[in-house]
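These notes are about the structure you will find just below.
Source: prediction; values computed, not measured.
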Amino acid sequence: MPSLTPPQAAPNWNHTPEQVLQLVKDALAEHKAVYDKVGALSESECNFESCVQHTLATADAIVDIKAEPLAFYQYVATDKGLRDASTEAEALQRDYGVEQGMRIDVFQAKVAAEKNLRASGEWDKLNKEQKRLAEKMVLDGKRSGLALPEKEREQLMQLKKDLSQVCLDFTKNFNEEDGHISLTLEELDGVPADVISGYTKRTEDSKEVYDVTFKTPDIFPIFKFATSPTMRQRALEAHENRLAVNVPLLERALDLRRQIATMLGYETWADYVTEEKMIKSGAGAKEFLDDLEAKLRPVGQKEREILLALKKEEHEKRGLPFDGEFYIWDYRYYDRIYIEKTLSLDDSLVKEYFPVSVVVPTILSIYQNLLGVKFVEIKDDDIWHPEVQKFAVWEANAKDESDFVGYCYLDLFPRAAKYSHAAVWGLLPGYETSEGRHYPLTAMVANLAKPTPDRPALMRHDDVTTFFHEMGHVFHGLLSRTQFARFHGTAVARDFVEAPSQMLENWRMDRCWEPKVLEKMSSHYKTQEPLSAELIDKIIKSRYVNIGLFNLRQVFFAQFDLKIHVDKDAADYTKVWNDLRESISLVKGGKVLPGQATFGHIVSGYDAGYYGYTYSLVFAADMYATVFKKDPLEPALGQLYRDKILLVGGSREETESLEDFLGRPPNSDAFLKEMFGTIPASSL
């Protein structure tokens, strides 16, 4: 590929807190000027050009382009002043969005434009995406309560602003959490030495202790390896209690959502949220989850009995008391023990074959070959942290600037005050402008284990899975090519948005472990040898170990999320969380602690939507089994996937995209076979 310069410059990442706030204020002022202009139009002046395409749609895209990267600082910036300014800027943008979304003059202009288009015959001249945009803009107003009397609209606007601020406060606490527990070397018995070497060691009361943060690479090895059940319990309960400050915020958010749903005429918040999703109603989501839970329960109960027997055997051998219960702090520990005993598979050993420096570029290479693109790293200082990798993405056979795809950033390692899980942000949308194309930018934030004094950065098998999943979102954001920013990339129904990433996980699971792929992906950090055929076989066999318990845990999260958004009265949500977890996940708890206060999905777009993680697996399994299973590495199939799923984004109904890709309506057969080995009598 010749040396090419991207036709669109990457954004700058050198802002001061003052600049962040001023730039967002300026962007909002520019946006408001466009809305004011549209709101002042007479009914006869309202048409597609004056109200939709080159006015509201363009203004909405531009304000996001200017404001979204600035709001992103709160998740990744090392400077607290910059994070605070970013959070404040997002609050300004959210409040402003509520105000503009409640403007009756702009809504009336949208309605008039659609009416005039249909009456004049111009409607039939619009393409499908243009029609979808006009209809969605009108629907936005109806769902925002613009049919309500003025006094109620004002009340509704304040409720929405209050809800936005509560969610921001919850998220800020989540991002800023920096707690830890301190354990002695004796208390860390069983935890691998390379993990312990990464903990901060200090002296406290004349003894050496290790500070274990609540970041995943630090705390999860305690759950998985610590031989002392007391220590595992202590670590888990500290982890569960780390965000108790969010308890009243969640209560307030749920109260506000109930009020808003009632004012808008919906039975529940879940019904309001799911109206625009594939599932269509809260009752539909409940039916799906109840059916799946019933199918999973007998599987999970058998797995629990096996793990409980392992616990009894170990406790008797070590002289520990055994009360016949299987606790939540037992699950990850005995899940590992079971895999080690039945498959002789040591997770710590497997990790040694997956150094980040080998795995990440290899996975990028696999995706590039499958989807026909090329990542070119840009090494400069214009990034928000020195560890961030920055890429320009091009078509594989790029010849000129028209083959530019977009930008991708990878921020993979944990640090203080950084977002503590793995996620992808679509910071810039791709769409068509009057001058040409605006190109997308996606950023993945993860928390892989850092290098230690003795070892390079290594990835657990779970880390590899997560990286594959999140890269699916990256490519959805990069390879979408819609006319309007509103429909770009992952701007699809929330209960479909995970399907493309999960489909690629399926691809990884079934094929990525073949010797020809693993020869490239695995490389022992000392010997550079790939995984042996024996280890590969064991990893493949571990794929469905304890799948019942794992998925019941996912069902618990989804059932909790749905219940609190269906119930019409407030409740003791800490009790609801603990009771549901015990009854659904089949694990007993200890202290009744506010784990719901750590459930960030509830305030970040997955409210009444967590079921979508499992619901979208149905479509992911169908896509993989029907199209990719016969030859997962075939670039022609990757191109088909680009064209039928990724390229169209949310510019058409998700069922239409699925039928176009599959050649038939989707069904749950592949999902049920994958989950249970057969199709149960009743189907999902």
Side-chain angles (χ1 to χ4, degrees), residues 8 11 19-71 89-117 122-123 126-127 129-146 153-154 157 160-161 164 426-441 482-489 491 649-651:
Q8 175 181 301
Q19 288 173 328
V20 166
L21 287 169
Q22 190 57 54
L23 286 169
V24 168
K25 289 176 182 177
D26 292 345
L28 299 182
E30 292 170 11
H31 184 268
K32 184 175 183 300
V34 177
Y35 268 52
D36 289 345
K37 182 179 178 181
V38 171
L41 293 172
S42 65
E43 184 174 337
S44 62
E45 293 176 308
C46 296
N47 56 49
F48 194 73
E49 292 297 321
S50 64
C51 288
V52 184
Q53 181 157 355
H54 294 306
T55 46
L56 298 180
T58 299
D60 290 348
I62 290 173
V63 76
D64 282 346
I65 288 167
K66 293 181 176 180
E68 287 301 312
L70 301 174
E90 184 175 355
L92 289 173
Q93 186 182 7
R94 287 192 181 199
D95 282 353
Y96 170 81
V98 170
E99 292 169 1
Q100 298 308 302
M102 295 294 291
R103 284 184 62 163
I104 194 71
D105 57 342
V106 176
F107 175 64
Q108 289 170 340
K110 295 175 185 176
V111 172
E114 183 181 359
K115 177 183 175 184
N116 291 341
L117 284 165
E122 291 296 311
W123 181 263
L126 300 179
N127 63 39
E129 189 171 342
Q130 289 171 328
K131 291 177 182 177
R132 185 172 176 83
L133 178 65
E135 290 172 339
K136 288 286 187 182
M137 282 187 167
V138 172
L139 180 61
D140 288 344
K142 293 176 180 177
R143 283 174 52 81
S144 293
L146 291 176
R153 288 202 308 272
E154 291 176 357
M157 182 163 63
K160 288 182 176 181
K161 286 184 176 182
S164 175
L427 296 180
L428 298 179
Y431 69 103
E432 303 303 325
T433 73
S434 55
E435 291 81 33
R437 179 159 175 77
H438 186 276
Y439 296 94
L441 184 157
T482 55
Q483 185 175 357
F484 300 107
R486 172 170 183 146
F487 302 127
H488 177 76
S651 64

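The two residues R153 and G145 make their nearest non-hydrogen contact at CG-O, 3.6 Å. Of all heavy-atom pairs spanning L56 and M137, the tightest one is CB-CE, 3.8 Å. Residue L428 comes nearest to P11 through the heavy atom pair CD1-CD, 4.4 Å, listed as atom of the first residue, atom of the second, then distance. Closest of all the heavy-atom pairs between A109 and C51 is O-SG, 3.7 Å. Pairing each heavy atom of M102 with each of S144, the nearest pair is SD-O, 3.1 Å. The two atoms that bring P429 and I65 nearest to each other are CD-CG1, 3.7 Å, heavy atoms only.
For the pair E129 (side chain) and F484 (backbone), a donor-acceptor distance under 3.5 Å is present. With hydrogens and angles ignored, the 3.5 Å screen pairs no side-chain donor or acceptor of Y35 with any backbone N or O of A59. R132 places a side-chain N or O within 3.5 Å of a backbone atom of G650 that can act as its donor or acceptor partner. A donor-acceptor contact shorter than 3.5 Å is absent between the side chain of S164 and the backbone of D95. Checked by atom type and distance alone, the side chain of H488 pairs as donor or acceptor with a backbone atom of G430 at under 3.5 Å. A side-chain donor-acceptor contact under 3.5 Å links T433 to the backbone of E435. With hydrogens and angles disregarded, a donor-acceptor distance shorter than 3.5 Å links the side chain of T58 to the backbone of Q53. Looking at K160, its side chain never comes within 3.5 Å of a backbone N or O of G97 through a donor-acceptor pair. A donor-acceptor pair under 3.5 Å links the side-chain atoms of N116 to the main chain of E43, judged by distance alone.
When side chains are defined from C-beta on, E30 does not count as touching V63, because their heavy atoms never get closer than 4.5 Å. Looking only at side-chain heavy atoms (C-beta outward), D36 and R103 come within less than 4.5 Å of each other. Residues L21 and L92 form a side-chain contact, since some pair of their non-hydrogen atoms from C-beta on lies under 4.5 Å apart.
Remark: R437 pairs with E432 by the side-chain hydrogen bond (donor to acceptor under 3.5 Å, both in side chains) rule, at least two apart or across chains.
Note that CG of L41 is 12.0 Å distant from CD of Q108, once rounded to the nearest 0.5 Å. Between the NZ atom of K66 and the CG atom of L23 there is a distance of 9.0 Å, given to the nearest 0.5 Å. The CD atom of Q19 sits 11.0 Å away from atom CG of D26, with the distance rounded to the nearest 0.5 Å. Separating the NZ atom in K32 from the CD atom in Q100 is a distance of 6.5 Å, to the nearest 0.5 Å.
For NZ of K136, the number of neighbouring non-hydrogen atoms (other residues, nucleotides, ligands) closer than 6.0 Å is greater than 12. In E135, the CD atom is crowded: over 12 heavy atoms of neighbouring residues, nucleotides or ligands sit closer than 6.0 Å.
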Take D60 and H31 through the side-chain contact (heavy atoms from CB on, under 4.5 Å) test and state the conclusion after the steps. CA-CA 7 Å; D60 290 348; H31 184 268; 2.7 Å; yes

Run the salt bridge (Lys or Arg N to Asp or Glu O under 4.0 Å) check on K110 and E114 step by step: do they pass? CA-CA 6 Å; K110 295 175 185 176; E114 183 181 359; over 6 Å; no

Decide side-chain contact (heavy atoms from CB on, under 4.5 Å) for Y431 and R486; before the verdict, give the C-alpha distance in whole Å, the side-chain angles of both, and the deciding distance to 0.1 Å. CA-CA 9 Å; Y431 69 103; R486 172 170 183 146; over 6 Å; no

Evaluation steps, side-chain contact (heavy atoms from CB on, under 4.5 Å), between M157 and K161: CA-CA 6 Å; M157 182 163 63; K161 286 184 176 182; 4.3 Å; yes

Given the rule in the side-chain contact (heavy atoms from CB on, under 4.5 Å) test, do Q483 and N127 qualify, once you have shown the distances and angles that lead to the verdict? CA-CA 10 Å; Q483 185 175 357; N127 63 39; 3.0 Å; yes

